[in-house]
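Written below as structure tokens is the structure these notes are about.
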Amino acid sequence: MASDITGNRALGAYGITIFTTMSALAIEHNAINLGQGFPDEEGPLDIRQAAADALLNGSNQYPPAPGIPALRQAVADHDKRFYGYDYVTPDHVLVCSGATEALTAALMGLLNPGDEVVLFEPLYDSYLPIIEQIGAVPRLVKLCPPDWAVPTAALEAAFSDKTKLVVLNSPMNPTGKLFTDEELEAIAALCVRHQVPALCDEVYEHLVFDGQHHTPLMSFEGMADLAIRVGSAGKTFSLTGWKVGYITAAPYLIDMIGKAHQFLTFTTPPDLQTAVAYGLGKPDGYFKELTSDLQGKRDRLADGLREVGFIVHPAAGTYFLTADYAPLMERLGIDEPAAAFCERMTRDAGVAAVPVSAFYAPERVSGTPLPDEVRTVVRFCFSKRHEVLDEAVKRLAAYVERG
Ligand code: PMP
Ligand code: GLN
């Protein structure tokens, strides 16, 4: 390899993602993969059938760059149905190839080098590399278990006259946290005061448990023109490989984000867009069943992990719960951080999870060490069949028993 070919400096500082790493390790050790977040059952047959029909009978040529009209309309209708947004029209909607592209297009379309971006840690893995690649500057607000509450003073201090964007992920991966109304109100007030848009990663909007509901930041006063809502068909229809995402935002923001989208992917497969448009129109019962099914899985895994001896933190939504193995360390004869423990658990117990530390910025970026409370916390994905969750708990119990 030519030694003067060094690649992009910002991206070169990152390794292979924790999801790819743990999935590969799970395969190597024949472990149950509760690491990378994906369901182990296929999404609804009627939606897949709609995609197949569209593929065979519809057009397979470039759809319009902002998305097919039927899907833009379906997203507008969805937002009106679930959040009461009468003002949302298809011009407020941009279809992207997954939420990942939507987030990247939004960051690229809105930021310039030197701009500051306020984010909450733990954070989803794709945000920081893109922000660094653009040359923008992350201002991080750290949240800690067990409740991952927003420290109001630190949040206010993170804003400056250089702040150009806030990034918020609620319901939150990896914590399962649903930001409270008070927290959302405080964030909205700061966005309005500083006139800063908020990029709201809401891919888990329909995966909220215990009778609670997701309220988008867009619903708060002054946010209709500042919030950028990102959804994902992957999560809402248990079809994570489809990579169909959608943005709802004021048309002036959609235009800016569209400038990046047209050069990133330009468009998204038309058959999948047609099927997602159909899916978003499914009756309320579909969305309720999705939630209650996942809630049952969360409870099953949480109960099992508690019996094994983990401290299980509350998880109000998403595919994930977090758990602390500190109470098991003496029995297992270990005292190691979560990354090492996840490798050990995959190899020796046959169950893969991901360390929550992977969702905190590297110290070279944040300037502060990992909070102590997070050192021994791991994330388990519970969007798996009950028998798979039971087997994972059985393996963990046997592993702890062996000591
Ligand atoms: N944001 C968060 C918080 C996620 O967990 C995911 C899921 N992997 C994504 C974005 C990306 O979604 P998509 O697969 O639609 O790109
Ligand atoms: N969002 C998924 C998770 O958090 C992973 C997606 C990916 O592998 N990039 O596990």
Side-chain angles (χ1 to χ4, degrees), residues 10-11 13-15 17-22 35-37 98-104 106-108 110-111 115-134 136-145 147-151 154-155 158-159 163-179 183-184 187 190-191 196-205 217 228-230 232 235 245 313 315-322 338-339 354-371 373-375 377-379 381:
L11 299 180
Y14 289 87
T17 83
I18 191 68
F19 311 119
T20 302
T21 304
M22 292 315 299
Q36 192 178 28
T100 310
E101 195 235 330
L103 293 159
T104 301
L107 294 169
M108 287 179 65
L110 295 173
L111 294 174
D115 288 348
E116 293 187 0
V117 184
V118 175
L119 306 109
F120 299 90
E121 289 176 286
L123 36 69
Y124 187 58
D125 72 338
S126 75
Y127 307 160
L128 278 183
I130 302 298
I131 289 170
E132 285 198 80
Q133 159 81 8
I134 292 165
V137 181
R139 291 281 173 238
L140 297 156
V141 179
K142 275 191 169 58
L143 311 186
C144 292
D147 55 0
W148 316 95
V150 175
L155 174 63
F159 277 77
T163 309
K164 290 291 185 282
L165 189 68
V166 177
V167 181
L168 174 70
N169 171 216
S170 181
M172 191 188 214
N173 178 8
T175 62
K177 172 189 170 74
L178 193 60
F179 280 63
E183 289 170 337
L184 294 172
I187 297 164
L190 284 163
C191 289
V196 167
L199 178 55
C200 303
D201 180 344
E202 302 183 1
V203 298
Y204 299 104
E205 61 187 322
L217 196 65
I228 300 153
R229 250 177 59 66
V230 177
S232 169
K235 315 294 177 211
H313 298 309
T318 76
Y319 284 159
F320 311 112
L321 59 77
T322 56
V354 293
V356 169
S357 53
F359 298 82
Y360 284 77
E363 205 170 325
R364 76 175 167 82
V365 176
S366 68
T368 48
L370 185 74
E373 303 92 307
V374 176
R375 185 174 175 267
V377 179
V378 300
R379 186 196 82 173
C381 170

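Side chains are part of it too, since the values below use all heavy atoms of this structure and drop only hydrogens, waters and symmetry mates.
Residues Leu103 and Ser126 approach most closely at CD1-OG, 4.5 Å, considering heavy atoms. The shortest non-hydrogen separation linking Lys142 to Thr368 is NZ-OG1, 2.6 Å. Nearest approach of Cys381 to Gly35, heavy atoms of both residues: CB-O, 3.9 Å. Taking every heavy atom of both residues into account, His313 and Pro145 meet most closely at NE2-CB, 3.6 Å. Closest approach of Cys200 to Leu217, counting heavy atoms only: SG-CB, 3.7 Å. Between Val203 and Ala99, the closest heavy-atom pair is CG1-CB, 3.4 Å.
Checked by atom type and distance alone, the side chain of Ser170 pairs as donor or acceptor with a backbone atom of Phe179 at under 3.5 Å. Counting only distance, with no hydrogens or angles, the side chain of Lys177 and the backbone of Trp148 share a donor-acceptor pair below 3.5 Å. Between the Glu183 side chain and the Val150 main chain, a donor and an acceptor come within less than 3.5 Å of each other. Side chain of Glu121 to main chain of Ala361: a donor-acceptor pair is present (N/O by atom type, distance under 3.5 Å, no hydrogens or angles). The backbone N or O of Leu168 lies less than 3.5 Å from no partner atom in the side chain of Asp201, so there is not a single donor-acceptor pair.
For Pro138, the side chain to side chain contact (heavy atoms under 4.5 Å, CB included) partners at least two apart in sequence or on another chain are Leu119, Leu128, Ile131, Leu140, Val365. Listed by chain and residue number, nothing satisfies the salt bridge (charged side-chain N to carboxylate O under 4.0 Å, His left out) test with Glu101 (two or more places apart in sequence, or in another chain). Legend: residues meeting salt bridge (charged side-chain N to carboxylate O under 4.0 Å, His left out) with Lys235, ordered by chain and number and at least two apart, are absent. Partners of Tyr360 under the ring pair (Phe, Tyr, Trp, His ring centres under 6.0 Å) rule, at least two apart in sequence or in another chain, do not exist in this structure. Applying the side chain to side chain contact (heavy atoms under 4.5 Å, CB included) criterion to Thr318, with sequence neighbours excluded, gives Pro171, Tyr204, Phe320. Scanning for side chain to side chain contact (heavy atoms under 4.5 Å, CB included) contacts around Val196 gives Thr163, Val166, His194, with sequence neighbours left out.
The CD1 atom of Ile130 sits 4.0 Å away from the OG1 atom of Thr104 when rounded to the nearest 0.5 Å. Taken to the nearest 0.5 Å, the CG atom of Leu178 stands 11.5 Å off from the CE atom of Met172. In this structure, CZ on Phe120 lies 11.0 Å from OH on Tyr127, to the nearest 0.5 angstrom. Considering CD1 of Ile228 and CG of Leu107, their distance stands at 9.0 Å, rounded to 0.5 Å. Distance NZ/Lys164 to CD/Glu116: 9.0 Å, rounded to 0.5 Å.
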Quiz prompt | Chi angles and distances behind the side-chain contact (heavy atoms from CB on, under 4.5 Å) call for Ile187, Leu155 | solution = CA-CA 8 Å; Ile187 297 164; Leu155 174 63; 3.8 Å; yes

Quiz item: Hey, mind stepping through Val167 and Val118 against side-chain contact (heavy atoms from CB on, under 4.5 Å) and telling me if it holds?
Solution: CA-CA 6 Å; Val167 181; Val118 175; over 6 Å; no

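A 4.5 Å side-chain heavy-atom check between Val354 and Phe359 finds at least one atom pair inside the cut-off. The closest side-chain heavy-atom distance from Val117 to Val137 is not below 4.5 Å.
Stacking of Arg364 on the aromatic ring of Tyr14 is recorded, both the 6.0 Å distance cut-off and the 45° axial limit being met.
Residue Arg379 is tested with Thr322, Thr175, Asn173 for a side chain to side chain donor-acceptor pair (under 3.5 Å); the sole match is Asn173.
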